[in-house]
Amino acid sequence: MPKTLRPDTLCVHAGAYVDEKVGGVNTPIYASSSFMDPNPQGGQVHYPRYSDIPTQAACADKIAALEDPSGRAKGWVTASGMAAVSAPLLALLAPGDHAVFQADLYGGTHHFVHAELRRLGVELTMVPETDPEAIAAAVTDATRVVYLESPTNPTLRVIDLAATARAVRKRNPDAALVIDNTFATPMNQRPLALGFHVVVHSGTKYLGGHSDLSCGAVVALPRFFERIRDTAVSLGATLNVLDCYLLERSMKTLHLRMARHNANAQAAAEFLERHPGVSLVNYPGLPGHHGHRKARNQMAGYGGIVSFEVPGGKDAAEALMARLRLVVPAVSLGGVESLICLPARTSHAKMPPEERAAIGVTDGLLRLSCGVEDPADIVADLQRALEG
Ligand SMILES: Cc1ncc(COP(=O)(O)O)c(C=O)c1O
């Protein structure tokens, strides 16, 4: 295979493992939890928890190549997004260390940080601002991790990643810059090229993309990768080979799906912004969105998620959801079908109500995950529900 390939080609080919004895063009599923010792081909003896079976390695290599086409970073696939979020944090933080988090995190990450890291004696600073200097101002000599999301779930706030990485490095060059890139995916945003060290994903969303898979991924520069891998092996949340096969297959079409998710969300956001029955729309692809300029500079597309409000709060939002005929009221996001939910009672249910309110997750905020259907059908369904 040529050494320098473009991202769309990497989706299809990167990582793929060819069993030359058989000659199949797809990575084989090595469904074995026991492998010969010594390895008849020489080299290491395989074991699934070490995620070193070719079916697992193919998946990890593909996501690593997508996040870092320069080939420096290494990948690791996990049994869920939360395994991908928690492994680096547990690997890089020890009692007495300090970590900086953005205040509006995905609800599950917010819960993990407060329930587990606090208990382990990690000192936390939660930063409500998206300004790079405000984030860097929270960094001390004891800071080991700065952890961000951009765009955020579900309010789609955008952080200038390169400026933040520069400002944090100036204050403390030893701090690891970690980002959850679930919403953007590497097709829209590559944080390692902007100065970050570690990228995590809920693969349950766009990487899997068909609402039939629970998985996650970590991609890290060599400086941090070994420590994260050691912890991930001990935690044991590796992805089984059958699901690795599905994940690798899904990632082969990530570029095609993301282009359509981006276009559909743009169409839905523009329609919602124009509609008199909608009181607020969050989408970084709208020129009036507060993060539009930053997103345009650092993203190739604005993603598939739009959040919005209708007058009348939670009751009106629930009534609207009930009137939809195509868009499915359901938890999660990133699948080929359009989904809608109320984050206050799903992804952010565990966050205390006053913190939810402070980050803009009102009880009536709707999160629309635009699938890959014809955009006119998504818009028609929204119109029917708004006017019905
Ligand atoms: C941004 C983000 N990160 C991480 C996660 C956790 O992923 P999982 O549910 O696969 O553990 C989610 C889940 O919704 C998410 O939206």
Side-chain angles (χ1 to χ4, degrees), residues 59 63 67 76-90 101-117 145 147-159 161 178-186 188-189 191 196 198-219 232 235-240 243-244 246-247 250-251 258 261 265 282 284 299 302-307 329-335 339-351 356 359-361 365-370:
C59 233
I63 182 65
E67 285 290 358
W76 186 265
V77 283
T78 58
S80 69
M82 281 313 299
V85 168
S86 55
L89 293 174
L90 292 171
F101 291 88
Q102 194 181 327
D104 49 344
L105 293 171
Y106 159 64
T109 304
H110 181 275
H111 181 70
F112 171 79
V113 165
H114 289 279
E116 307 298 339
L117 293 186
V145 169
Y147 182 105
L148 305 178
E149 289 176 22
S150 182
T152 55
N153 179 4
T155 50
L156 288 313
R157 299 211 299 164
V158 178
I159 294 176
L161 299 182
V178 184
I179 182 164
D180 184 331
N181 205 28
T182 298
F183 265 41
T185 83
N188 284 336
Q189 172 171 281
F196 277 66
V198 182
V199 171
V200 301
H201 278 279
S202 170
T204 314
K205 316 300 192 241
Y206 291 110
L207 302 186
H210 296 74
S211 307
D212 56 1
L213 201 51
S214 166
C215 57
V218 182
V219 178
L235 293 171
T238 38
L239 192 63
N240 71 77
D243 285 347
C244 281
L246 285 176
L247 176 58
S250 291
M251 285 195 288
M258 286 316 298
H261 286 301
N282 299 314
M299 300 180 79
Y302 302 105
I305 309 296
V306 181
S307 60
V331 297
S332 203
L333 58 99
L339 304 175
I340 194 162
C341 76
L342 282 171
R345 69 159 197 240
T346 55
S347 58
H348 288 66
K350 281 189 169 159
M351 191 179 270
R356 270 205 311 261
I359 64 166
V361 182
L365 183 74
L366 289 152
R367 187 187 70 198
L368 170 66
S369 169
C370 294

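Numbering of ligands and ligand atoms starts at 1, following listing order. For clarity, every value in this text was computed on a predicted model and none was experimentally measured. Residue numbers start at 1 and run along the sequence shown. Heavy atoms only: backbone and side chains are in, while hydrogens, waters and symmetry mates are out.
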(message) Please report the interatomic distance CG(Leu161) to CD(Gln189), rounded to the nearest 0.5 Å.
(response) 5.0 Å
(request) Establish, from distance only, whether the side-chain atoms of Asn282 and Arg157 form a donor-acceptor pair under 3.5 Å. (result) no
(request) Any pair with a residue in residues 107-116 that passes salt bridge (Lys or Arg N to Asp or Glu O under 4.0 Å), sequence neighbours left out, goes on the list, sorted by first then second residue, please. (result) Glu116-Arg119
(request) Determine the minimum heavy-atom distance between Val361 and Pro154, stating which atoms define it. (result) CG2-CD, 3.7 Å
Using a 3.5 Å cut-off and no angle test, enumerate the donor-acceptor pairs between side-chain atoms of residues 206-219 and protein atoms at least two apart in sequence or in another chain.
residue, atom, partner, partner atom, Å
His210, ND1, Gly208, O, 2.9
Ser211, OG, Glu337, OE2, 2.6
Ser214, OG, Ala79, O, 3.0

Pairs of nitrogen or oxygen atoms, one from ligand 1 and one from the protein, closer than 3.5 Å: please tabulate them with distances.
residue, atom, partner, partner atom, Å
ligand 1, 3 (N), Asp180, OD2, 2.6
ligand 1, 7 (O), Ser202, OG, 2.9
ligand 1, 10 (O), Gly81, N, 2.8
ligand 1, 10 (O), Ser202, OG, 2.9
ligand 1, 10 (O), Thr204, OG1, 2.5
ligand 1, 11 (O), Gly81, N, 3.0
ligand 1, 11 (O), Met82, N, 2.8
ligand 1, 14 (O), Lys205, NZ, 2.8
ligand 1, 16 (O), Asn153, ND2, 3.0

(request) Return the set of residues passing side-chain contact (heavy atoms from CB on, under 4.5 Å) with Ala349 (not counting sequence neighbours), or none when no residue passes. (result) none
